[in-house]
Amino acid sequence: MKSTKIVDAKGLSCPMPIVRAKMAMDELQSGDILEVHTTDKGSQADLVAWADSGGHILEKELNEDDVFKFWIKKA
Amino acid sequence: MEENKGTTIVVFSGELDKVMAAFIIANGAAAYGHKVTMFFTFWGLNTLKNESAPKVKKGFLERMFGWMMPKGPNKLALSQMNFLGAGPKLIQHVIKKHNAMTVPQLIELAEQQGINLVACTMTMDLLGIEKEEMMDGLTYAGVGAYIGDAEKANTNLFI
């Protein structure tokens, strides 16, 4: 999947993954894809709920070598 | 996006752990696009003191209060396991170890995210705290302003 922007939030703990995602999302246009990488254990649930609340679409998520990856399409 | 959502937090407590929790929730809510207000009253006010503020002339009672209260976010005690100040040092260590954020960093992030930090003027008077001792960028108000924000918000917490 082609990402418009990638946020590397690996190693960052709560609440930074969603704070960084929000800051990056603010700079994108509707329909753009934001890719987020995290390692915080709670961040998976956090990002899914965050995307849902903003009306964004979680296109894909996967867990590779303890890194959570998300592709979120901006509403 | 979510302009109509809001979160308000009354920060009544002045302990490191409780204040840290309040700022983490506030910053998370700001990331959700909420309009966030943190209303600091009683012991919570000590969080917003400027460590390097010059001495302010005060009456005896106010000076006594000043001696007994922490001066700024780096001087807060823990609500549990404080061990006469050893606990907060231990917490600073684990915060670093887990790449979490310290209270001063969380305050800076809150300012970046446009969180409204409100100091309660009535309790500032009670505790003998002057504006000159506080950080820059604060709003000074009372319960009237807080309720004004709270009635528009859908998450209202008291910590």
Side-chain angles (χ1 to χ4, degrees), chain A residues 3-59 61 63 65-75, chain B residues 1-9 11 16-38 47 73 90-117 152-157 159:
Chain A
S3 315
T4 317
K5 194 177 186 126
I6 298 177
V7 168
D8 181 5
K10 293 196 293 293
L12 300 180
S13 67
C14 176
M16 283 318 284
I18 59 167
V19 171
R20 288 279 171 88
K22 198 259 182 199
M23 287 173 173
M25 199 60 117
D26 283 348
E27 291 169 13
L28 299 185
Q29 310 290 325
S30 178
D32 286 350
I33 306 273
L34 180 71
E35 184 176 335
V36 187
H37 299 175
T38 67
T39 49
D40 176 43
K41 289 179 196 73
S43 66
Q44 190 183 19
D46 286 358
L47 271 156
V48 171
W50 174 82
D52 183 55
S53 166
H56 312 303
I57 294 157
L58 182 64
E59 295 279 2
E61 64 171 299
N63 186 352
D65 304 325
D66 291 327
V67 177
F68 299 109
K69 295 185 176 178
F70 308 86
W71 286 263
I72 305 163
K73 190 177 186 178
K74 183 163 180 171
Chain B
M1 204 167 52
E2 302 296 330
E3 294 85 1
N4 54 345
K5 290 189 180 171
T7 292
T8 71
I9 302 176
V11 186
L16 176 66
D17 40 359
K18 296 188 184 185
V19 168
M20 193 173 153
F23 271 102
I24 289 172
I25 295 166
N27 277 300
Y32 262 71
H34 287 198
K35 183 180 183 296
V36 183
T37 293
M38 297 177 82
T47 314
L90 198 66
I91 284 287
Q92 298 297 352
H93 175 75
V94 291
I95 286 173
K96 228 182 213 160
K97 187 178 154 204
H98 293 277
N99 213 6
M101 296 173 85
T102 62
V103 172
Q105 287 170 334
L106 286 163
I107 295 174
E108 202 185 315
L109 183 66
E111 288 168 339
Q112 277 171 24
Q113 295 210 88
I115 291 174
N116 187 20
L117 302 176
K152 285 183 243 136
N154 32 21
T155 305
N156 300 299
L157 306 175
I159 296 177

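From a predicted model like this one, the values you see are computed outputs, not experimental measurements. Order of the sequence lines sets the chain letters (A, B, ...), proteins ahead of strands, with each chain counted from 1.
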Would you name the heavy atoms of Asn99(B) and Gly11(A) that are closest together and state the gap between them? ND2-O, 2.7 Å
Counting only heavy atoms closer than 4.5 Å, note whether Ala49(A) contacts chain B via side chain, backbone, both or neither. both
Do you know which of Gln113(B), His98(B), Gln112(B) has the most heavy-atom pairs with chain A at a distance under 4.5 angstrom? Gln113(B)
Counting neighbours of CG on Asp66(A) that are heavy atoms of other residues, nucleotides or ligands and sit closer than 6.0 Å, is the number greater than 12? no
Would you say the side-chain atoms of Tyr32(B) pair up with the backbone N or O of Ser53(A), donor to acceptor, closer than 3.5 Å? no
In terms of heavy-atom proximity below 4.5 Å to chain B, should Asp40(A) be classed as side chain, backbone, both, or neither? neither
Shortest non-hydrogen pair, Ile18(A) vs Ala31(B), comes out as O-CB, 3.6 Å
Taking atom NZ of Lys10(A) as the centre, does the number of heavy atoms from other residues, nucleotides or ligands within less than 6.0 Å exceed 12? yes
Chain A heavy atoms under 4.5 Å from Leu109(B): which part of the residue, side chain, backbone, both or neither? side chain
Closest heavy-atom contact between Cys14(A) and Ile24(B)? SG-CG2, 3.9 Å
